[in-house]
Amino acid sequence: MELLSPAGNFEKLKAAVRFGADAVFMGGPAFGLRANAGNFSFDEMEEAFKYLHDRGKKGYVTVNIYPQTNELESIRQYLKKCEQLGADALIISDPGIFSIVKQEGIKTPVSISTQANTTNLAAVNFWASLGASRVIMAREVRKEDLVEIMKNAQCEVETFIHGAICISMSGRCLISSYMTGKDANNGECTHPCRWNYALMEEKRDGEYFPVYEDDRGTYLYNSKDLCLLDRIGELVKMGSASGKIEGRMKSIMYVSIVTGVYRQAIDLAVKDADNYKPLPEWRHLLESVSNRGYIEGFYGGEYDTNAVNRETSGYSRSAAFLGVALKDSSNDELEITCRAKFAPDEEITILTPDLKKIKVIPEIVLDEGNNKVEATRPNYIYKIPFKDKAPEGSLIMRF
Ligand code: SF4
(Lines give C-alpha, C1' and ligand atoms only; values in the text may rest on other atoms or scores of the structure.)
Protein backbone atom coordinates (compact mmCIF):
# COMPACT_ATOMS: atom_id res chain seq x y z
CA MET A 1 0.00 0.00 0.00
CA GLU A 2 1.35 3.38 -1.07
CA LEU A 3 1.56 6.06 1.64
CA LEU A 4 0.16 9.30 0.24
CA SER A 5 0.73 12.54 2.15
CA PRO A 6 -0.47 16.11 1.76
CA ALA A 7 1.90 18.73 0.36
CA GLY A 8 0.45 22.19 1.08
CA ASN A 9 3.71 23.78 -0.13
CA PHE A 10 7.25 22.78 -1.08
CA GLU A 11 8.52 22.73 2.50
CA LYS A 12 5.74 20.35 3.52
CA LEU A 13 6.37 18.23 0.42
CA LYS A 14 9.99 17.77 1.49
CA ALA A 15 8.89 16.99 5.05
CA ALA A 16 6.49 14.31 3.76
CA VAL A 17 9.22 12.72 1.63
CA ARG A 18 11.79 12.78 4.47
CA PHE A 19 9.34 11.10 6.85
CA GLY A 20 8.54 8.32 4.39
CA ALA A 21 5.73 9.23 1.97
CA ASP A 22 5.70 7.26 -1.30
CA ALA A 23 3.69 9.98 -2.99
CA VAL A 24 2.22 13.42 -2.24
CA PHE A 25 -0.80 15.31 -3.49
CA MET A 26 -0.65 19.02 -4.13
CA GLY A 27 -2.67 21.89 -5.53
CA GLY A 28 -1.42 23.90 -8.47
CA PRO A 29 -2.17 27.58 -9.03
CA ALA A 30 -5.93 26.94 -9.45
CA PHE A 31 -8.85 24.49 -9.39
CA GLY A 32 -7.53 22.42 -6.47
CA LEU A 33 -10.07 22.75 -3.61
CA ARG A 34 -7.73 24.33 -1.06
CA ALA A 35 -7.76 28.00 -1.94
CA ASN A 36 -6.05 28.86 1.36
CA ALA A 37 -3.23 26.29 1.21
CA GLY A 38 0.20 27.46 0.00
CA ASN A 39 -0.30 25.67 -3.34
CA PHE A 40 2.30 25.51 -6.10
CA SER A 41 3.05 27.81 -9.03
CA PHE A 42 3.83 26.06 -12.33
CA ASP A 43 7.55 26.66 -11.76
CA GLU A 44 7.33 25.16 -8.27
CA MET A 45 5.36 22.21 -9.60
CA GLU A 46 8.09 21.50 -12.14
CA GLU A 47 10.72 21.69 -9.42
CA ALA A 48 8.57 19.55 -7.12
CA PHE A 49 8.15 16.77 -9.70
CA LYS A 50 11.89 16.73 -10.29
CA TYR A 51 12.53 16.55 -6.52
CA LEU A 52 10.04 13.69 -6.21
CA HIS A 53 11.11 11.73 -9.27
CA ASP A 54 14.80 11.98 -8.35
CA ARG A 55 13.85 10.15 -5.14
CA GLY A 56 11.55 7.59 -6.73
CA LYS A 57 8.39 9.31 -5.39
CA LYS A 58 5.23 10.49 -7.10
CA GLY A 59 3.27 13.74 -7.16
CA TYR A 60 -0.46 13.98 -7.83
CA VAL A 61 -2.22 17.23 -8.69
CA THR A 62 -5.70 18.04 -7.39
CA VAL A 63 -8.03 19.46 -10.03
CA ASN A 64 -11.11 18.54 -8.03
CA ILE A 65 -13.38 21.56 -8.08
CA TYR A 66 -16.80 21.47 -9.67
CA PRO A 67 -16.31 24.20 -12.28
CA GLN A 68 -18.68 26.54 -14.06
CA THR A 69 -18.88 26.44 -17.87
CA ASN A 70 -16.87 29.64 -18.25
CA GLU A 71 -13.91 27.98 -16.48
CA LEU A 72 -13.65 25.00 -18.83
CA GLU A 73 -11.25 26.53 -21.36
CA SER A 74 -8.81 27.55 -18.60
CA ILE A 75 -9.11 24.06 -17.14
CA ARG A 76 -8.34 22.51 -20.53
CA GLN A 77 -5.06 24.48 -20.73
CA TYR A 78 -4.33 23.76 -17.06
CA LEU A 79 -4.68 19.99 -17.51
CA LYS A 80 -2.31 20.02 -20.48
CA LYS A 81 0.21 22.03 -18.48
CA CYS A 82 0.07 19.53 -15.58
CA GLU A 83 0.79 16.68 -18.00
CA GLN A 84 3.66 18.60 -19.56
CA LEU A 85 5.17 19.38 -16.13
CA GLY A 86 5.26 15.68 -15.21
CA ALA A 87 2.31 15.09 -12.87
CA ASP A 88 1.97 11.41 -11.96
CA ALA A 89 -1.82 11.66 -11.66
CA LEU A 90 -4.63 14.18 -11.87
CA ILE A 91 -7.18 14.03 -9.05
CA ILE A 92 -10.55 14.90 -10.56
CA SER A 93 -14.17 14.90 -9.36
CA ASP A 94 -16.14 16.48 -12.16
CA PRO A 95 -17.17 14.31 -15.13
CA GLY A 96 -16.72 17.34 -17.40
CA ILE A 97 -13.08 17.75 -16.40
CA PHE A 98 -12.64 13.99 -16.79
CA SER A 99 -14.03 14.16 -20.34
CA ILE A 100 -11.65 17.01 -21.25
CA VAL A 101 -8.70 14.83 -20.17
CA LYS A 102 -9.91 12.13 -22.55
CA GLN A 103 -10.74 14.53 -25.44
CA GLU A 104 -7.28 16.07 -25.24
CA GLY A 105 -5.58 12.66 -25.19
CA ILE A 106 -3.82 13.53 -21.94
CA LYS A 107 -1.85 10.48 -20.84
CA THR A 108 -1.52 11.37 -17.16
CA PRO A 109 -3.45 8.80 -15.09
CA VAL A 110 -6.67 10.04 -13.49
CA SER A 111 -7.69 9.37 -9.90
CA ILE A 112 -11.32 10.06 -9.06
CA SER A 113 -11.37 12.39 -6.05
CA THR A 114 -13.24 11.57 -2.85
CA GLN A 115 -15.15 14.74 -3.70
CA ALA A 116 -16.91 12.69 -6.41
CA ASN A 117 -18.43 10.72 -3.55
CA THR A 118 -17.89 7.18 -4.84
CA THR A 119 -19.49 4.83 -2.32
CA ASN A 120 -20.00 1.50 -4.12
CA LEU A 121 -18.47 -1.13 -6.41
CA ALA A 122 -20.66 -0.29 -9.42
CA ALA A 123 -19.58 3.35 -9.23
CA VAL A 124 -15.91 2.35 -8.94
CA ASN A 125 -16.17 0.14 -12.01
CA PHE A 126 -18.14 2.81 -13.88
CA TRP A 127 -15.16 5.16 -13.48
CA ALA A 128 -12.75 2.32 -14.36
CA SER A 129 -14.70 1.60 -17.57
CA LEU A 130 -14.25 5.25 -18.58
CA GLY A 131 -10.51 5.01 -18.07
CA ALA A 132 -9.87 6.13 -14.48
CA SER A 133 -6.75 4.52 -13.04
CA ARG A 134 -7.80 4.89 -9.45
CA VAL A 135 -10.85 5.76 -7.38
CA ILE A 136 -10.48 7.44 -4.01
CA MET A 137 -13.34 6.10 -1.93
CA ALA A 138 -15.75 8.38 -0.10
CA ARG A 139 -15.06 8.28 3.62
CA GLU A 140 -18.58 7.01 4.27
CA VAL A 141 -17.84 3.41 3.24
CA ARG A 142 -17.71 0.62 5.82
CA LYS A 143 -15.10 -2.11 6.02
CA GLU A 144 -17.27 -4.96 4.64
CA ASP A 145 -18.01 -2.93 1.51
CA LEU A 146 -14.37 -1.91 1.09
CA VAL A 147 -13.39 -5.61 1.11
CA GLU A 148 -15.95 -6.37 -1.60
CA ILE A 149 -14.98 -3.32 -3.64
CA MET A 150 -11.26 -4.06 -3.55
CA LYS A 151 -11.81 -7.69 -4.46
CA ASN A 152 -13.80 -6.79 -7.57
CA ALA A 153 -12.63 -3.34 -8.61
CA GLN A 154 -11.32 -2.95 -12.14
CA CYS A 155 -8.97 -0.16 -11.14
CA GLU A 156 -6.92 0.82 -8.09
CA VAL A 157 -8.75 1.85 -4.94
CA GLU A 158 -7.43 4.46 -2.52
CA THR A 159 -8.68 4.96 1.02
CA PHE A 160 -8.35 7.79 3.50
CA ILE A 161 -6.51 6.64 6.61
CA HIS A 162 -6.09 9.82 8.65
CA GLY A 163 -7.29 13.40 8.96
CA ALA A 164 -10.26 15.73 9.31
CA ILE A 165 -13.66 14.55 8.19
CA CYS A 166 -16.78 16.46 7.24
CA ILE A 167 -20.02 15.94 9.08
CA SER A 168 -21.76 16.02 5.70
CA MET A 169 -21.32 13.40 2.98
CA SER A 170 -17.88 13.86 1.42
CA GLY A 171 -18.05 16.51 -1.23
CA ARG A 172 -21.67 17.46 -0.73
CA CYS A 173 -21.64 20.38 1.69
CA LEU A 174 -23.19 23.80 1.22
CA ILE A 175 -22.98 25.12 4.79
CA SER A 176 -19.93 27.32 4.19
CA SER A 177 -21.32 28.67 0.95
CA TYR A 178 -24.66 29.43 2.63
CA MET A 179 -23.24 31.04 5.77
CA THR A 180 -20.27 32.96 4.40
CA GLY A 181 -20.46 32.93 0.61
CA LYS A 182 -17.26 30.88 0.55
CA ASP A 183 -17.84 27.66 -1.30
CA ALA A 184 -16.36 24.46 0.13
CA ASN A 185 -16.80 22.86 -3.29
CA ASN A 186 -14.45 25.45 -4.71
CA GLY A 187 -11.83 25.08 -2.01
CA GLU A 188 -12.83 27.91 0.31
CA CYS A 189 -14.49 26.12 3.25
CA THR A 190 -14.68 28.33 6.36
CA HIS A 191 -15.62 25.33 8.56
CA PRO A 192 -18.92 26.64 9.98
CA CYS A 193 -19.74 23.05 10.96
CA ARG A 194 -17.23 23.55 13.79
CA TRP A 195 -18.60 26.86 15.11
CA ASN A 196 -20.47 27.29 18.36
CA TYR A 197 -24.09 28.34 17.83
CA ALA A 198 -26.70 30.33 19.80
CA LEU A 199 -30.32 31.30 19.12
CA MET A 200 -31.44 34.90 18.47
CA GLU A 201 -35.02 36.12 18.11
CA GLU A 202 -35.05 38.31 15.00
CA LYS A 203 -36.23 41.52 16.74
CA ARG A 204 -33.86 41.22 19.72
CA ASP A 205 -30.63 41.94 17.99
CA GLY A 206 -27.61 40.86 20.01
CA GLU A 207 -29.59 38.90 22.63
CA TYR A 208 -28.26 35.42 22.33
CA PHE A 209 -30.12 32.52 23.83
CA PRO A 210 -27.76 29.65 24.48
CA VAL A 211 -28.55 26.38 22.77
CA TYR A 212 -27.44 23.84 25.29
CA GLU A 213 -26.11 20.57 24.16
CA ASP A 214 -24.50 20.41 27.55
CA ASP A 215 -22.77 22.91 29.81
CA ARG A 216 -19.55 22.91 27.77
CA GLY A 217 -21.10 24.32 24.62
CA THR A 218 -22.84 23.32 21.44
CA TYR A 219 -20.76 22.11 18.57
CA LEU A 220 -23.45 20.13 16.82
CA TYR A 221 -21.50 19.19 13.72
CA ASN A 222 -17.87 19.32 14.88
CA SER A 223 -16.66 15.90 13.77
CA LYS A 224 -13.62 14.32 15.36
CA ASP A 225 -10.77 13.31 13.05
CA LEU A 226 -10.37 10.01 11.26
CA CYS A 227 -7.60 7.69 12.47
CA LEU A 228 -7.34 4.19 10.97
CA LEU A 229 -4.00 3.36 12.59
CA ASP A 230 -5.47 0.18 14.11
CA ARG A 231 -6.79 -0.89 10.68
CA ILE A 232 -3.65 -0.65 8.57
CA GLY A 233 -3.16 -4.44 8.63
CA GLU A 234 -6.74 -4.93 7.34
CA LEU A 235 -6.36 -2.31 4.62
CA VAL A 236 -3.09 -3.85 3.41
CA LYS A 237 -4.72 -7.27 3.39
CA MET A 238 -7.81 -6.16 1.49
CA GLY A 239 -5.56 -4.59 -1.18
CA SER A 240 -5.90 -0.85 -0.78
CA ALA A 241 -3.57 0.65 -3.40
CA SER A 242 -2.95 3.77 -1.38
CA GLY A 243 -3.58 5.14 2.11
CA LYS A 244 -4.16 8.88 2.12
CA ILE A 245 -3.42 11.34 4.91
CA GLU A 246 -5.65 14.41 4.71
CA GLY A 247 -4.33 17.89 5.52
CA ARG A 248 -2.81 20.21 2.93
CA MET A 249 -3.50 23.10 5.34
CA LYS A 250 -1.76 21.42 8.28
CA SER A 251 1.69 22.28 9.69
CA ILE A 252 5.06 20.74 8.87
CA MET A 253 5.01 19.07 12.28
CA TYR A 254 1.68 17.44 11.45
CA VAL A 255 2.74 16.27 8.00
CA SER A 256 6.07 14.95 9.29
CA ILE A 257 4.77 13.05 12.31
CA VAL A 258 1.62 11.60 10.78
CA THR A 259 3.60 10.49 7.72
CA GLY A 260 6.36 9.00 9.90
CA VAL A 261 3.85 7.03 12.01
CA TYR A 262 1.95 5.60 9.04
CA ARG A 263 5.24 4.81 7.24
CA GLN A 264 6.21 2.53 10.11
CA ALA A 265 2.67 1.15 10.40
CA ILE A 266 2.47 0.21 6.71
CA ASP A 267 5.96 -1.31 6.76
CA LEU A 268 4.96 -3.46 9.74
CA ALA A 269 1.64 -4.47 8.17
CA VAL A 270 3.26 -5.39 4.85
CA LYS A 271 5.57 -7.81 6.70
CA ASP A 272 2.75 -9.57 8.55
CA ALA A 273 -0.73 -8.11 8.06
CA ASP A 274 -2.44 -10.84 10.13
CA ASN A 275 -0.50 -10.01 13.24
CA TYR A 276 -0.28 -6.26 12.73
CA LYS A 277 -0.58 -4.34 15.98
CA PRO A 278 0.24 -0.62 16.22
CA LEU A 279 2.86 0.44 18.74
CA PRO A 280 1.61 2.58 21.68
CA GLU A 281 4.33 5.08 20.78
CA TRP A 282 2.66 5.75 17.42
CA ARG A 283 -0.62 6.63 19.12
CA HIS A 284 1.27 8.91 21.49
CA LEU A 285 2.86 10.70 18.52
CA LEU A 286 -0.50 11.12 16.78
CA GLU A 287 -1.82 12.74 19.98
CA SER A 288 1.11 15.17 19.85
CA VAL A 289 -0.10 16.79 16.60
CA SER A 290 -3.19 18.96 16.27
CA ASN A 291 -6.37 16.90 16.33
CA ARG A 292 -10.00 17.08 17.41
CA GLY A 293 -9.97 13.65 19.00
CA TYR A 294 -9.86 10.50 16.91
CA ILE A 295 -12.56 8.17 15.60
CA GLU A 296 -12.69 5.50 12.91
CA GLY A 297 -15.47 7.32 11.08
CA PHE A 298 -17.75 5.04 9.07
CA TYR A 299 -15.20 2.22 8.81
CA GLY A 300 -16.87 0.14 11.56
CA GLY A 301 -20.27 0.49 9.85
CA GLU A 302 -22.16 1.79 12.85
CA TYR A 303 -23.02 5.30 13.94
CA ASP A 304 -20.49 6.34 16.53
CA THR A 305 -22.25 8.41 19.22
CA ASN A 306 -18.85 9.70 20.18
CA ALA A 307 -18.09 11.08 16.71
CA VAL A 308 -18.66 14.76 17.51
CA ASN A 309 -16.26 16.80 19.64
CA ARG A 310 -18.68 18.69 21.90
CA GLU A 311 -16.02 20.23 24.12
CA THR A 312 -14.37 22.69 21.77
CA SER A 313 -14.27 23.68 18.15
CA GLY A 314 -10.48 24.04 18.40
CA TYR A 315 -7.70 21.50 18.19
CA SER A 316 -5.72 19.82 20.91
CA ARG A 317 -2.15 18.60 20.75
CA SER A 318 0.19 17.30 23.39
CA ALA A 319 3.48 18.75 22.11
CA ALA A 320 4.82 22.11 20.97
CA PHE A 321 6.59 22.58 17.65
CA LEU A 322 9.81 24.52 18.24
CA GLY A 323 11.68 24.21 14.97
CA VAL A 324 13.16 22.14 12.15
CA ALA A 325 16.76 21.01 11.54
CA LEU A 326 18.05 23.04 8.59
CA LYS A 327 20.65 20.47 7.62
CA ASP A 328 22.16 17.21 8.85
CA SER A 329 23.82 17.62 12.25
CA SER A 330 27.60 17.89 11.95
CA ASN A 331 30.60 18.91 14.03
CA ASP A 332 28.62 18.23 17.24
CA GLU A 333 26.16 20.93 16.24
CA LEU A 334 22.58 21.17 14.99
CA GLU A 335 21.40 24.18 13.03
CA ILE A 336 17.70 24.87 13.29
CA THR A 337 15.13 27.26 11.98
CA CYS A 338 13.01 28.27 14.96
CA ARG A 339 9.18 28.18 15.05
CA ALA A 340 8.52 28.93 18.75
CA LYS A 341 10.40 30.27 21.73
CA PHE A 342 12.52 28.05 23.95
CA ALA A 343 15.32 28.67 26.47
CA PRO A 344 18.76 26.99 26.57
CA ASP A 345 18.06 25.30 29.93
CA GLU A 346 14.85 23.62 28.73
CA GLU A 347 14.63 19.97 27.80
CA ILE A 348 13.72 19.69 24.14
CA THR A 349 13.28 16.64 21.92
CA ILE A 350 14.71 16.10 18.48
CA LEU A 351 12.45 13.79 16.51
CA THR A 352 14.21 12.21 13.52
CA PRO A 353 12.38 10.97 10.39
CA ASP A 354 12.68 7.38 11.66
CA LEU A 355 10.82 8.59 14.78
CA LYS A 356 13.77 8.36 17.13
CA LYS A 357 13.33 10.78 20.02
CA ILE A 358 16.55 12.38 21.25
CA LYS A 359 16.17 14.47 24.40
CA VAL A 360 18.61 17.32 25.00
CA ILE A 361 19.06 20.32 27.26
CA PRO A 362 21.14 22.51 24.95
CA GLU A 363 22.53 24.81 27.70
CA ILE A 364 23.92 27.03 24.96
CA VAL A 365 21.96 28.43 22.02
CA LEU A 366 23.85 30.55 19.49
CA ASP A 367 22.34 32.94 16.95
CA GLU A 368 23.68 33.36 13.41
CA GLY A 369 26.40 35.72 14.66
CA ASN A 370 27.50 33.06 17.21
CA ASN A 371 26.15 35.12 20.14
CA LYS A 372 24.59 33.27 23.08
CA VAL A 373 20.87 33.96 23.46
CA GLU A 374 18.62 33.78 26.54
CA ALA A 375 15.69 32.52 24.49
CA THR A 376 14.96 31.84 20.84
CA ARG A 377 12.57 33.80 18.63
CA PRO A 378 10.38 32.38 15.87
CA ASN A 379 11.70 32.58 12.30
CA TYR A 380 15.35 33.02 13.32
CA ILE A 381 18.18 30.53 12.79
CA TYR A 382 20.08 29.09 15.76
CA LYS A 383 22.74 26.50 16.54
CA ILE A 384 22.74 24.15 19.50
CA PRO A 385 25.45 21.72 20.66
CA PHE A 386 24.38 18.22 19.57
CA LYS A 387 26.52 15.11 19.75
CA ASP A 388 23.98 12.65 18.31
CA LYS A 389 22.92 12.27 14.66
CA ALA A 390 19.87 14.06 13.28
CA PRO A 391 19.22 14.55 9.56
CA GLU A 392 17.85 17.65 7.86
CA GLY A 393 14.13 18.02 8.50
CA SER A 394 14.21 16.49 12.01
CA LEU A 395 11.69 18.24 14.25
CA ILE A 396 12.53 20.16 17.42
CA MET A 397 9.70 19.67 19.89
CA ARG A 398 8.67 20.10 23.51
CA PHE A 399 6.65 17.14 24.83
S1 SF4 B 1 -18.44 23.19 6.52
FE2 SF4 B 1 -17.69 21.40 7.63
S3 SF4 B 1 -18.82 19.65 6.75
FE4 SF4 B 1 -18.97 21.36 5.30
S5 SF4 B 1 -17.24 21.09 3.84
FE6 SF4 B 1 -16.55 22.49 5.47
S7 SF4 B 1 -15.53 21.11 6.98
FE8 SF4 B 1 -16.84 19.81 5.65
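Ligands are counted one by one from 1 in listed order, and the atoms in each one are counted from 1 as well.
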No-hydrogen, no-angle side-chain donor-acceptor test under 3.5 Å, S113 and N64: yes
Numbering as shown, the atoms of ligand 1 that approach C189 to under 4.0 Å (heavy-atom distance): 1 (S), 5 (S), 6 (Fe), 7 (S)
Proximal atoms of ligand 1 relative to H191 (non-hydrogen, under 4.0 Å): 7 (S)
For atom 8 (Fe) of ligand 1, closest protein heavy-atom neighbour: C166 SG, 2.2 Å
Donor on one side chain, acceptor on other, S5 and T259, under 3.5 Å: yes
2.8 Å cut-off met by an N, O or S atom of C193 to atom 6 (Fe) of ligand 1: no
Stacked cation flag K58 on Y60, 6.0 angstrom / 45 deg: no
Atom indices of ligand 1, in the order listed, that fall short of 4.0 Å to a heavy atom of C173: 1 (S), 3 (S), 4 (Fe), 5 (S)
For A184, atoms of ligand 1 separated by under 4.0 Å from a heavy atom: 5 (S)
Residues, nucleotides or ligands: over 12 heavy atoms within 6.0 Å of F42 CZ: yes
Ring center gap for W282 and Y262 short of 6.0 angstrom: no
